[in-house]
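Some notes on the structure that comes next.
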Amino acid sequence: MLYDLKGEANMSPVVGLLFAAVIENSQRLQRITDGMLQEELDYKGPNNNFNSTAQLIKHITYVDLNWAYRIKGQPLPQNLREQHGPIIDENGRLPMVQEISLSTLMSTYVGVITMLKDACTQLTDDDLARIVTFGHENEKQATIRWGIWHIADHSRYHQAHINQLRRWYHEAH
C-alpha cells in the first residue's frame, strides 16, 4: 500500500494537501472504531474515569464542525450548537455520551467531514492566511492553514486515546 497526501482535484494545491491529511485521519478513525459494540463504545477505562470512545468521537465531530464554519467565515448556527455541543460541560470535561450507536456517531462525523470538504473547495491557497478566532471563549487566533492542520492533528491525538481504551477493554473482557 502506498501512502501519500494527494489533494483533491477541485482544491488548490496547499488546501488539497492539508485536506488530504484530514481525510487520512478521518479514514483511520473509521478503521480503528469499526465493529465496536455499544459496551466498548461507552467504556470509560479500568476505573471508569476516562472519556469514552463515544465522547471522543462526538468531541472530534463538534470541534471539526466549528472549524468548518470558521473556514466558511460564518458563525456556528445555534441549532447546530445545541445539537452537537457543548464542547465541555459545567465541570470542564467532555459531555457525557451514552447509548448513541457507532453508526449514528460516525454518520454525523462523516457528514461534518463532507461539510469541511465543501468549505475547503471554496478556498484558495491565499485564503489559508486568513485569521480566525477559536477556543472556548474565542480567545485564540489562528490561520485557516493552521486550522485545517489542527483538524487532522486533533483527530489523531484522540485516536491514541481510543486505541488505549480498546486495549484496556479487551484486557478486561
Side-chain angles (χ1 to χ4, degrees), residues 1-6 8 17-71 76-120 134-136 140 142 146-173:
M1 171 180 255
L2 173 66
Y3 290 93
D4 192 7
L5 292 176
K6 187 173 172 147
E8 301 280 326
L17 176 69
L18 291 166
F19 186 73
V22 171
I23 290 300
E24 167 75 22
N25 284 295
S26 171
Q27 291 168 346
R28 185 173 184 270
L29 178 61
Q30 292 175 63
R31 273 193 313 274
I32 68 171
T33 59
D34 188 46
M36 288 181 89
L37 301 175
Q38 192 66 49
E39 180 181 350
E40 184 178 7
L41 196 61
D42 293 339
Y43 177 72
K44 294 178 62 105
N47 296 317
N48 203 38
N49 61 342
F50 290 91
N51 294 311
S52 70
T53 297
Q55 284 175 288
L56 293 168
I57 294 169
K58 187 168 169 104
H59 171 71
I60 292 166
T61 300
Y62 191 55
V63 167
D64 293 359
L65 178 66
N66 275 278
W67 275 103
Y69 274 85
R70 284 182 197 108
I71 289 167
L76 183 65
Q78 187 62 32
N79 67 318
L80 292 179
R81 188 179 310 278
E82 291 169 5
Q83 180 182 356
H84 297 287
I87 195 83
I88 55 174
D89 66 17
E90 59 279 350
N91 299 316
R93 297 185 51 95
L94 296 186
M96 182 60 71
V97 176
Q98 282 188 303
E99 297 299 320
I100 299 177
S101 72
L102 179 62
S103 64
T104 298
L105 289 165
M106 293 310 289
S107 174
T108 302
Y109 171 73
V110 168
V112 168
I113 294 299
T114 300
M115 182 186 303
L116 182 63
K117 179 179 180 180
D118 293 342
C120 286
F134 73 104
H136 298 299
K140 301 175 188 174
W146 184 90
I148 299 170
W149 167 84
H150 176 68
I151 292 166
D153 182 60
H154 178 250
S155 176
R156 188 109 177 167
Y157 173 77
H158 287 304
Q159 288 174 31
H161 300 142
I162 292 168
N163 283 328
Q164 182 61 55
L165 286 165
R166 292 205 84 174
R167 278 190 289 277
W168 284 333
Y169 179 82
H170 290 286
E171 287 170 4
H173 293 87

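Values below: every heavy atom of this structure, side chains too, minus hydrogens, waters and symmetry copies.
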Under the side-chain contact (heavy atoms from CB on, under 4.5 Å) test, residues paired with [X] that sit two or more places apart:
{"X": "Gln78", "result": "Arg81, Glu82"}
{"X": "Asp89", "result": "Asn91, Arg93"}
{"X": "Glu90", "result": "none"}

What residues, two or more places apart in sequence or in another chain, satisfy side chain to side chain donor-acceptor pair (under 3.5 Å) together with [X]?
{"X": "Asp42", "result": "Gln38"}
{"X": "His170", "result": "Glu40"}
{"X": "Arg167", "result": "Gln164"}

Take atom NE2 of His173 as the centre, draw a 6.0 Å sphere, and report whether it contains more than 12 heavy atoms from other residues, nucleotides or ligands.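 Yes, enclosed.
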Distance from [X] atom [atom1] to [Y] atom [atom2], nearest 0.5 Å?
{"X": "His136", "Y": "Ile88", "atom1": "NE2", "atom2": "CD1", "result": "4.5 Å"}
{"X": "Met106", "Y": "Ile113", "atom1": "CE", "atom2": "CD1", "result": "9.0 Å"}
{"X": "Ile148", "Y": "Asp64", "atom1": "CD1", "atom2": "CG", "result": "11.5 Å"}
{"X": "Tyr69", "Y": "Leu65", "atom1": "OH", "atom2": "CG", "result": "6.5 Å"}
{"X": "Leu41", "Y": "Ile100", "atom1": "CG", "atom2": "CD1", "result": "9.0 Å"}

How are the rings of Trp146 and His150 set relative to one another: parallel (under 30°), tilted (30 to 60°) or perpendicular (over 60°)?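 It falls in the parallel class, under 30°.
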If we only count heavy atoms from C-beta on, is the Tyr62 to Leu76 side-chain gap below 4.5 Å?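 When only atoms from C-beta onward are counted, Leu76 and Tyr62 do touch, with a gap below 4.5 Å.
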Beyond-backbone contact of Thr33 with Leu105, side-chain heavy atoms, under 4.5 angstrom: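 No - every pair of side-chain heavy atoms lies 4.5 Å or more apart.
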If you compare all heavy atoms of [X] against all heavy atoms of [Y], which two are closest, and at what distance to 0.1 Å?
{"X": "Trp67", "Y": "Gly147", "result": "CZ3-CA, 3.4 Å"}
{"X": "Arg166", "Y": "Asp34", "result": "NH1-O, 3.9 Å"}
{"X": "Gly45", "Y": "Phe50", "result": "CA-CD1, 4.2 Å"}

With side chain to side chain donor-acceptor pair (under 3.5 Å) as the rule and sequence neighbours excluded, what pairs involving residues 94-106 come up?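 Listed once each, the pairs are Ser101-Ser103, Ser101-Thr104.
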Only pairs at least two apart or in different chains count here, so list each ring-ring contact (aromatic ring centres under 6.0 Å, His included) that has a residue in residues 21-45.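 Sorted pair list: Tyr43-Tyr169.
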Under 3.5 Å, sequence neighbours excluded: what are the donor-acceptor pairs made by side chains of residues 17-28?
{"unit_1": "Asn25", "atom_1": "OD1", "unit_2": "Arg156", "atom_2": "NH1", "d": "3.3"}
{"unit_1": "Asn25", "atom_1": "ND2", "unit_2": "Ala21", "atom_2": "O", "d": "3.0"}
{"unit_1": "Ser26", "atom_1": "OG", "unit_2": "Gln30", "atom_2": "NE2", "d": "3.2"}
{"unit_1": "Ser26", "atom_1": "OG", "unit_2": "Tyr109", "atom_2": "OH", "d": "3.4"}
{"unit_1": "Arg28", "atom_1": "NH1", "unit_2": "Gln159", "atom_2": "OE1", "d": "2.4"}

Please table the atom pairs, donor to acceptor, closer than 3.5 Å between any side-chain atom in residues 53-61 and protein atoms at least two apart or in another chain.
{"unit_1": "Gln55", "atom_1": "OE1", "unit_2": "Lys44", "atom_2": "NZ", "d": "3.1"}
{"unit_1": "Gln55", "atom_1": "OE1", "unit_2": "Ser52", "atom_2": "N", "d": "2.7"}
{"unit_1": "Gln55", "atom_1": "OE1", "unit_2": "Ser52", "atom_2": "OG", "d": "3.4"}
{"unit_1": "Gln55", "atom_1": "NE2", "unit_2": "Leu94", "atom_2": "O", "d": "3.2"}
{"unit_1": "Gln55", "atom_1": "NE2", "unit_2": "Pro95", "atom_2": "O", "d": "3.1"}
{"unit_1": "His59", "atom_1": "NE2", "unit_2": "His154", "atom_2": "NE2", "d": "3.0"}
{"unit_1": "Thr61", "atom_1": "OG1", "unit_2": "Ile57", "atom_2": "O", "d": "2.8"}

